[in-house]
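First up is the structure itself, then whatever we jot down about it.
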Amino acid sequence: ELKVEQNPLFLSMQEGKNYTIYCNYSTTSDRLYWYRQDPGKSLESLFVLLSNGAVKQEGRLMASLDTKARLSTLHITAAVHDLSATYFCAVRNTGTASKLTFGTGTRLQVTL
Amino acid sequence: GAVVSQHPSWVICKSGTSVKIECRSLDFQATTMFWYRQFPKQSLMLMATSNEGSKATYEQGVEKDKFLINHASLTLSTLTVTSAHPEDSSFYICSARYAGGPAYNEQFFGPGTRLTVL
């Protein structure tokens, strides 16, 4: 059974600081996703990572994937208040129906 | 492109009643749709996989007789919560799998439906 763990679960950081969220998964997969969720809203797709060593960047967020270590990171550079949200990674199960298994989520709070 | 809608966006019902939630892919065909449930401050948990024209596949621990899923067309799946109880109160999110084109096999998420059972 595929398990996906994120840490930290909660992150409070000051504006301007850098930090990294980690996503570990237990079995091989061909695709890893990062999503953002604002309170009361659905998911907003941030990144999809397809292969070992993949790195994608959008604004202050950068995601990377190490398939050998079964680890993905979401790095936040010079955080701003607008980045406050919950971030989820999700790993696609290889095989049946392309199901996604979500991580526990990381609630990010950026303080002024 | 690849827009998924849900209706209603929120619903309040009395305990014991049934509630139907619709999930539509607006600009693409989706042979597979997924239903998730999210309790406050928790992650998304997959409830079931809905395939057009066939029976849904439920995840372990999800009561198929309580959560009825129908996927009658390539653009519509419905989730009916039967005899709802307060513990069914949750945020229900659907996704539709894009079956063709550059976004092949990707899931696109609906805006969610907040269900409150009194």
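Chain identifiers are assigned alphabetically (A, B, ...) following the order of the sequence lines, protein sequences preceding nucleic acid strands; residue numbering begins at 1 within each chain. Fair warning: this is a prediction, and the values are worked out from it, not measured in the lab.
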(request) Give the cluster check for A:Leu11 versus A:Leu46: same hydrophobic cluster or not, with ILVMFWY residues linked at side-chain heavy-atom distances below 4.5 Å. (result) yes

(message) Between A:Thr104, A:Thr86, A:Leu100, A:Thr101, who has the most heavy-atom pairs with chain B when the cutoff is under 4.5 Å?
(response) A:Leu100

(request) Determine whether B:Val62 and B:Leu115 fall in the same hydrophobic cluster, where Ile, Leu, Val, Met, Phe, Trp and Tyr are linked whenever their side-chain heavy atoms lie under 4.5 Å apart. (result) yes

(message) I need the minimum non-hydrogen distance between A:Lys41 and B:Phe91, along with the two atoms involved.
(response) O-CE2, 3.5 Å

(request) Side chain from CB out, backbone as N, CA, C, O: work out which of these in A:Gln37 comes under 4.5 Å of a heavy atom of chain B, or both, or neither. (result) side chain

(message) Is it the case that over 12 heavy atoms from other parts of the model lie below 6.0 angstrom from the NZ atom of B:Lys66?
(response) yes

(message) Is B:Glu59 in contact with chain A via its backbone, its side chain, both, or neither, using a 4.5 Å heavy-atom distance?
(response) side chain

(request) Search all heavy atoms of A:Ser42 against all heavy atoms of B:Gly112 and return the closest pair with its distance. (result) CB-N, 4.2 Å

(message) I want to check something: taking the side chain as every heavy atom from C-beta on, are A:Leu43 and B:Tyr36 in contact at a cut-off of under 4.5 Å?
(response) no

(message) Is it true that B:Gln107 and A:Tyr33 share a donor-acceptor pair across their side chains at a distance under 3.5 Å?
(response) no

(message) Are there over 12 heavy-atom neighbours, none belonging to A:Glu5, within less than 6.0 Å of that residue's CD?
(response) no

(request) Check the surroundings of atom CD in A:Glu58: do more than 12 heavy atoms from other residues, nucleotides or ligands lie under 6.0 Å from it? (result) no

(message) Quick check: closest heavy atoms across B:Gln38 and A:Phe88, and the distance to 0.1 Å?
(response) NE2-CZ, 3.6 Å

(request) Determine whether B:Tyr58 and B:Met47 fall in the same hydrophobic cluster, where Ile, Leu, Val, Met, Phe, Trp and Tyr are linked whenever their side-chain heavy atoms lie under 4.5 Å apart. (result) yes

(request) Give a yes or no on this: more than 12 heavy atoms of other residues, nucleotides or ligands lie within 6.0 Å of atom OH of A:Tyr22. (result) no

(message) With a 4.5 angstrom heavy-atom cut-off, is it the side chain or the backbone of A:Leu9 that approaches chain B, or both, or neither?
(response) neither

(message) With a 4.5 Å cut-off on side-chain heavy-atom distances among I, L, V, M, F, W and Y, is there a chain of contacts connecting B:Leu68 to B:Trp35?
(response) no

(request) Could you state whether B:Ile21 and B:Leu76 fall into the same hydrophobic cluster, counting links through intermediate Ile, Leu, Val, Met, Phe, Trp or Tyr residues with side-chain heavy atoms under 4.5 angstrom apart? (result) no

(message) With a 4.5 angstrom heavy-atom cut-off, is it the side chain or the backbone of B:Leu44 that approaches chain A, or both, or neither?
(response) both

(request) Supply the atom-to-atom distance A:Lys99 NZ to B:Thr57 OG1, rounded to the nearest 0.5 angstrom. (result) 8.0 Å

(message) Counting C-beta onward and ignoring hydrogens, is there a side-chain heavy-atom pair between A:Phe102 and B:Leu46 closer than 4.5 Å?
(response) no

(message) Counting heavy-atom pairs under 4.5 Å with chain B, which one of A:Gly105, A:Ser45, A:Gly103 comes out on top?
(response) A:Gly103

